[in-house]
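For reference, the structure discussed in these notes is given below.
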Amino acid sequence: MSFALKLMNWYREHGRDLPWRNTQNPYIIWLSEIILQQTRVEQGLPYFHRFLEAFPIVTKFAAAEEEEILRLWQGLGYYSRARNMHKAAKMVVNDFDGIFPSSYTEVIRLSGVGDYTAAAISSFSSNEAKAVVDGNVYRVLSRYFGIDEPINGTKGKKVFAEIAADMLDMKDASTYNQAIMDFGALQCKPKKPDCEICVFNLECVAHREGIVDRLPVKLRGKASKNRYFHYFIVESDNQLLMSKRGEADVWANLYEFPMLETEQDLTLEGLLKTAQFSEYFDEEASFVQLGNVTKHILSHQNIYARFYMLEDAKSLRIKKSNWNYFFVEKIDTLAKHKLIFSFLEKNKQLINPKF
DNA sequence: AAGGCGGGGGT
DNA sequence: ACCCCAGCCTT
């Protein structure tokens, strides 16, 4: 029996029942696929329901305010996905008359849709014969064929894309694509795959050669960099000082408390002596640290954040206005604590602090 | 070709 | 501490 047929038989018995599998609506599939980019199914599920309820059709999505989309996206990470979705929805309205396209060549033109997502949308919505190549597929194929070409190199990407296309079931690309991803997620897992009960354990090259735990091969990225952020929670007369992040760095254009970054791992005592601090605050501005250092681990940097609160509101002196700050007016204590808590404790970035 | 971009969970 | 997750975009 062919690889594809065996795989689909496994899938019919062990596959997951996921909400976006009960439809061929390309809009709903697009929604799920963007949310699931570099995101586990369990993490993305509640967001999928939230978005579908807020925007049942693509024209509603296109008509929404970006702030509303970002607020729904809050906490999911890779925020450019949300902005690209908004762009894509507008493209569907303007270029496709509001009818969400389902062919590979059309959907890949949409912002935020690359090879993987275009193959997924076109195969799931119209059974187009395009093979998906995601992290699961790299893993399954590299082990099955015993290929040690790095999956994140230029050559590796090309090699695996070709093999994936060869293995695809041309008559049922939709089921095949779902099957190979579920197989990777549930059976051929990154760590401790259960090869003894695997339906491919006789033909799988990696299993026969005992190298399953060394495949797939991946080129290592750069080491994470440490960064030190100092946040100032500054309030006076029921106003709270906030600022908007810039375009280029992490959490682009999102909101946070006013912040100074230092090269060294400074405590409040050290921070007070820096030229940077005195550029922004008067000597009379007296702060106390709130809690301990909070570590935010991102995929490519470690951020050590400290939070300081003004000891006496009257001592506030801001010397420079190039901070891009603004005041949240008439904030009540509950809302303020909610804001601080969600930012400080929950490790979630703020989308819109104006309630 | 390489780097940047998040948050969460597993080992 | 390091890896991985239904990747994509920019330089």
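So that the names make sense, note that chain A is the first sequence line, chain B the second, and so on, each numbered from 1.
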- Message: What is the separation between atom CD1 on A:Ile297 and atom C1' on B:dG8, rounded to the nearest whole Å?
- Response: 10 Å
- Task: Using a cut-off of strictly less than 4.0 Å, decide whether A:His300 has a side-chain nitrogen or oxygen near OP1 or OP2 of B:dC5.
- Result: yes
- Item | salt bridge (Lys or Arg N to Asp or Glu O under 4.0 Å) against A:Glu261, all qualifying residues, sequence neighbours excluded | A:Arg227
- Tell me, please, the opening and closing nucleotides of DNA chain C, 5' to 3', among those with an atom under 4.0 angstrom from a non-hydrogen atom of chain A. C:dC3 to C:dC9
- Task: Quick one: label A:Asn177 by what it contacts on the DNA or RNA (base, sugar-phosphate, nothing), any heavy atom closer than 4.0 Å.
- Result: nothing
- Taking the nucleotide of DNA chain C with the closest heavy atom to each, which residue, A:Lys218 or A:Gln37, is nearer the 5' end? A:Lys218
- Item | Spacing between A:Lys225 atom NZ and B:dG3 atom P, to the nearest angstrom | 14 Å
- Message: For a quick check under 3.5 Å, do A:Asn84 and A:Arg81 share a side-chain donor-acceptor pair by atom type?
- Response: no
- Item | Of A:Lys155 and A:Glu42, the one whose closest DNA chain B nucleotide lies more 5' | A:Lys155
- With salt bridge (charged side-chain N to carboxylate O under 4.0 Å, His left out) as the test, would you mind laying out the steps for A:Lys6 and A:Glu203 before giving the verdict? CA-CA 12 Å; A:Lys6 238 169 145 174; A:Glu203 56 262 53; 2.9 Å; yes
- Should the ring pair A:His296 and A:Trp251 be called parallel, tilted or perpendicular, given that the plane angle runs from 0 to 90° and is split at 30 and 60? perpendicular
- Task: Report yes or no: is the cationic atom of A:Lys60 (NZ for Lys, CZ for Arg) closer than 6.0 Å to the six-membered ring centre of A:Phe55, at no more than 45° off its axis?
- Result: no
- Message: Any residue in residues 20-36 of chain A with a heavy atom nearer than 4.0 angstrom to DNA chain C? Just list them by number, or reply none.
- Response: A:Trp20, A:Arg21, A:Glu33, A:Leu36
- Task: Could I get the full list of salt bridge (Lys or Arg N to Asp or Glu O under 4.0 Å) partners for A:Arg109, not counting sequence neighbours?
- Result: none
For residues 185-192 of chain A, which side-chain donor-acceptor pairs fall under 3.5 Å, sequence neighbours excluded?
| unit_1 | atom_1 | unit_2 | atom_2 | d |
| --- | --- | --- | --- | --- |
| A:Gln187 | NE2 | A:Asp194 | O | 2.8 |

- Counting only side-chain N and O atoms of A:Tyr79, is one of them less than 4.0 Å from OP1 or OP2 of B:dG7? yes
- Identify whether any heavy atom of A:Ser299 sits under 4.0 Å from a base atom; if not, whether one sits that close to sugar-phosphate; answer base, sugar-phosphate or nothing. base
- Item | Separation between the P atoms of B:dG6 and C:dT11, rounded to whole Å | 16 Å
- Message: Any base atoms under 4.0 Å from A:Leu18, or only sugar-phosphate, or nothing? Heavy atoms, all strands.
- Response: base
- What pairs with A:Thr117 under side chain to side chain donor-acceptor pair (under 3.5 Å), at least two apart in sequence or on another chain? A:Gln37
- Note on the structure: Considering only heavy side-chain atoms of A:Lys222, the closest of B:dG3, B:dG6, B:dG9 is B:dG3
- Message: Rounding to an integer number of angstrom, what distance separates B:dG3 and C:dA6 when you compare their P atoms?
- Response: 25 Å
- Message: For a quick check of understanding: with a heavy-atom distance under 4.0 Å over all strands, which category does A:Arg16 fall into, base, sugar-phosphate or nothing?
- Response: base
- Which ILVMFWY residues can you reach from A:Leu219 by hopping between side chains whose heavy atoms are under 4.5 Å apart? none
- Item | side chain to side chain donor-acceptor pair (under 3.5 Å) partners for A:Asp172, two or more places apart | A:Thr175
- Could you check A:Pro190 against A:Val113 and say which one's nearest nucleotide on DNA chain C is further toward the 5' end? A:Pro190
- Message: Should the side chain of A:Thr39 and the base of B:dG6 be counted as holding a donor-acceptor pair, with the cut-off at 3.5 Å?
- Response: yes
- Message: Go nucleotide by nucleotide along DNA chain B from the 5' end; which of A:Lys192 and A:Gln38 gets its closest nucleotide reached first?
- Response: A:Gln38
- Note on the structure: The side-chain contact (heavy atoms from CB on, under 4.5 Å) partners of A:Thr23 (sequence neighbours excluded) come to A:Asn25, A:Ile28, A:Ile29
- Task: Not counting sequence neighbours, list each pair that qualifies as a ring-ring contact (aromatic ring centres under 6.0 Å, His included) and has a residue in residues 166-197 of chain A.
- Result: A:Trp10-A:Phe183, A:Phe183-A:Phe200
- Message: Rounding to an integer number of Å, can you tell me how far A:Arg227 CZ sits from B:dG6 P?
- Response: 11 Å
- Query: Tracing side-chain links under 4.5 Å among I, L, V, M, F, W and Y, which residues wind up in one group with A:Tyr228?
  - Reply: A:Val293, A:Tyr304
- Message: Stem list for DNA chain B, please, built from Watson-Crick and G-U wobble pairs under 3.5 Å and keeping only runs of at least 3.
- Response: B:1-5 with C:7-11, B:7-11 with C:1-5
- Round to a whole Å and report the spacing from CH2 of A:Trp73 to P of B:dC5. 17 Å
- Note on the structure: A:Gln301 atom CD is separated from B:dG7 atom C1', nearest whole Å, by 13 Å
- Query: Just how far, in rounded Å, is C1' of B:dC5 from CG of A:Asn302?
  - Reply: 15 Å
